[in-house]
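Presented below is the structure to which this report refers.
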Amino acid sequence: MHKKMSATGVLSYLIYILETNLTELSAVKHKDAYTLGSWEACIECIEVIKCWTRAKAYGLDYDPETKYELFNRETAQCLCPPTKTLRRKK
């Protein structure tokens, strides 16, 4: 059970957890649908927290998709609509 915290304490801790998860997901060698879904969920959470007026003071002054790339840009894979299947860059 976690101790009671203030709203800023909770947000600060949540930022830490999300950034830790994104770092781990970025390092995964085999990236599957679960990895991609987890990455997208964490990125979305970071983006929502960035709406907070004090987000920059808590270190959210970056683009999370760029900082925590899931795929190496040189061997990039992308989700190509409408199939949303991973495809290698040619």
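Since we're looking at a predicted model, the values are computed, not measured.
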Whichever hydrophobic residues join Ile17 through chains of side-chain contacts under 4.5 Å = Met5, Val10, Tyr13, Tyr16

Tabulate below the donor-acceptor pairs under 3.5 Å that side-chain atoms of residues 43-54 make, not counting sequence neighbours, or state none.
residue, atom, partner, partner atom, Å
Lys50, NZ, Tyr62, O, 2.6
Arg54, NH2, Tyr58, OH, 3.4

Give a yes or no on this: more than 12 heavy atoms of other residues, nucleotides or ligands lie within 6.0 Å of atom NZ of Lys67.
-> yes

Result block: side-chain N/O donor-acceptor pairs under 3.5 angstrom for residues 21-29, not counting sequence neighbours:
residue, atom, partner, partner atom, Å
Thr23, OG1, Glu19, O, 2.9
Ser26, OG, Leu22, O, 2.9
Ser26, OG, Glu69, O, 3.2

Calculate, to the nearest 0.5 Å, the distance between atoms OG1 and CD1 belonging to Thr20 and Ile15 respectively.
-> 11.5 Å

